[in-house]
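Structure record follows, encoded as C-alpha cells.
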Amino acid sequence: MKLGSRGSPLALTQSRLVATLLARSSGVDIGAFPIEAFMTSGDRIQGRLQEQGGKGLFTKELDEALLDGRIDAAIHSMKDLPTRMPPGIVLACVPSREDPRDGFIATRAKELMDLPAGATIGTASLRRQAQTLHLRPDLKVELLRGRVETRLAKIESGAFDATYLALAGLKRLGLEKHAASIVDSETMPPAPAQGALAITAREGDEKTLALLRPLNIAEHAIATTAERAFLQALDGSCRTPIAALAKISSGTLDFLGEVLTPDGKHRWRRRESVALGGAAMESARALGAKLGAEIVTEAGPLYKAHFGDNGW
C-alpha cells in the first residue's frame, strides 16, 4: 500500500508512525508501506491561508494522487482536513490523537498573561489571533508561518515575543521542551480535531479500507466527529476563528466550542455533555451540529457584519 504525505518533517514523522502501525497490525514488513511526499498548494503559500482558499490547500494534491491511483491512502493532520470530503474519497480511519492543546512558545515569559503590554505574538492562525486578542487586547499579532523548526527559530532570534504551536506536533518531533507552558484548554480551546491524524482512501477500495480499519481508535473518531460537526455547522474554514474540544469519560462526551471575531472583541461559547449509547458516532455528530447551529442563530447578524459574504 503506497502512502501519501506532505513533505514537512512533521508530516513525514506522522506518516512513518502510520506505516509502523500498519506493519504491526498486518504482520508484514514496514517496507510494504512506502511513503511518497507531496508539496501541497498550502505549503507554497507565504501569506495567510484564509486569503487564498483555506483548508483544502493542504489536501488538494494528495486528493488528486488518490483519485488517479498514484497512492492508496493519504495521511493528514485532521485539523487540515475539510469537513466535506471530495467525491470518491472517504475518511477511512482516525488512528491516533496526541494531546490536543497548544504549547505557548516564548523565551522571556512563561504564559500569555506574563507578556508585557505591546508584545508581539506571531501566528498565521485566526483562531489563535482572536483568542489572544480576546484575553490580551493590548498585544500585537503579526503573521508567522512556516515549519515548526522555522517558527521556533523566529522566537529564539527575538523576531517575535511569543507564538503557539500544537503540542501534538512538538511531541511527535521530540521538541516539547521548547514549550514554555501548555495552554489551558478551558481558556483557549484548540482547533477542531487538533492533535488527531486522519487517513483518507478511495471510496470502494475494500482492500485498502480493510487494512486501515484496525488502526481506527473509536474514542478519537467519536470526539473528532463532534468537533468537525461543530465546524461544519459554522461553515468553518481558515477564514473563521473556531475552536472546539470534545472529551470522552465514563461513557459521556463533554464538548466545549467557541467562535470569535478576528479582533477578539466578541466570543460565543457553548458547552454541553451527552451520554453515549449504541449510536455514539451519531450522538457526537448531532451534538456538534446542534451547538454550532445555536451559535449561528445567536451571533449571525453581528458575525455577518464582521465577515460579510466570507462569514456564514
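We're numbering straight along the sequence, starting at 1.
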Regarding [X] and [Y], does a basic nitrogen lie under 4.0 Å from an acidic carboxylate oxygen?
X: E176; Y: K171; result: no
X: E61; Y: R70; result: no
X: R127; Y: D102; result: yes
X: E186; Y: R271; result: yes
X: D80; Y: R6; result: yes

Supply the atom-to-atom distance [X] [atom1] to [Y] [atom2], rounded to the nearest 0.5 angstrom.
X: R136; Y: L112; atom1: CZ; atom2: CG; answer: 6.0 Å
X: L260; Y: L133; atom1: CG; atom2: CG; answer: 10.0 Å
X: T225; Y: L287; atom1: OG1; atom2: CG; answer: 12.0 Å
X: T297; Y: W268; atom1: OG1; atom2: CH2; answer: 12.5 Å
X: R285; Y: T224; atom1: CZ; atom2: OG1; answer: 10.0 Å
X: I105; Y: L165; atom1: CD1; atom2: CG; answer: 5.0 Å

Any [X] side-chain heavy atom under 4.5 Å of [Y] side chain:
X: H266; Y: H134; answer: no
X: M85; Y: T200; answer: yes
X: T150; Y: R145; answer: no
X: P189; Y: R269; answer: yes
X: I121; Y: F160; answer: no
X: T59; Y: P82; answer: yes
X: L10; Y: R172; answer: yes
X: K154; Y: T163; answer: no

Test salt bridge (charged side-chain N to carboxylate O under 4.0 Å, His left out) applied to D72 and R202, step by step: CA-CA 7 Å; D72 301 300; R202 286 183 297 277; 3.2 Å; yes

Of the non-hydrogen atoms in [X] and [Y], which two are nearest, and what is the gap between them?
X: L139; Y: G118; value: CD2-N, 4.1 Å
X: I199; Y: L215; value: CD1-CD2, 4.3 Å
X: P214; Y: S25; value: CB-CB, 4.4 Å
X: L12; Y: A37; value: CD2-CB, 4.1 Å
X: P192; Y: L231; value: CG-CD1, 4.0 Å
X: R101; Y: V183; value: CD-O, 3.7 Å

Please confirm whether the backbone N or O of [Y] pairs with a side-chain atom of [X], one donor and one acceptor, at under 3.5 Å?
X: S181; Y: K110; answer: yes
X: N216; Y: P95; answer: no
X: Q129; Y: P262; answer: yes

Pairs satisfying ring pair (Phe, Tyr, Trp, His ring centres under 6.0 Å), at least one member in residues 70-106, at least two apart: F104-Y164

Check against side chain to side chain contact (heavy atoms under 4.5 Å, CB included), E258 and I242: CA-CA 6 Å; E258 67 179 27; I242 298 173; over 6 Å; no

Heavy atoms from other residues, nucleotides or ligands near NZ of K290 exceed 12 (cutoff 6.0 Å): yes

For the residue pair [X] and [Y], confirm or rule out a side-chain donor-acceptor distance under 3.5 Å.
X: Q194; Y: E227; result: no
X: D254; Y: S273; result: yes
X: R228; Y: Q232; result: no
X: Q14; Y: S77; result: yes

Do the side chains of [X] and [Y] join up, straight or via other hydrophobic residues, at under 4.5 Å, putting them in one cluster?
X: L245; Y: I295; value: no
X: L197; Y: M1; value: yes
X: V28; Y: L211; value: yes
X: L175; Y: L144; value: yes
X: L91; Y: I75; value: no

Chi angles and distances behind the side chain to side chain contact (heavy atoms under 4.5 Å, CB included) call for V148, L152: CA-CA 6 Å; V148 169; L152 288 172; 4.0 Å; yes

Criterion side chain to side chain contact (heavy atoms under 4.5 Å, CB included) on E36 and L3, from CA distance to verdict: CA-CA 6 Å; E36 181 173 349; L3 307 176; over 6 Å; no

Derivation of the side chain to side chain contact (heavy atoms under 4.5 Å, CB included) call for L209 and V90: CA-CA 10 Å; L209 293 173; V90 296; 4.0 Å; yes

Sequence-distant partners of I217, side chain to side chain contact (heavy atoms under 4.5 Å, CB included), two or more places apart: H220

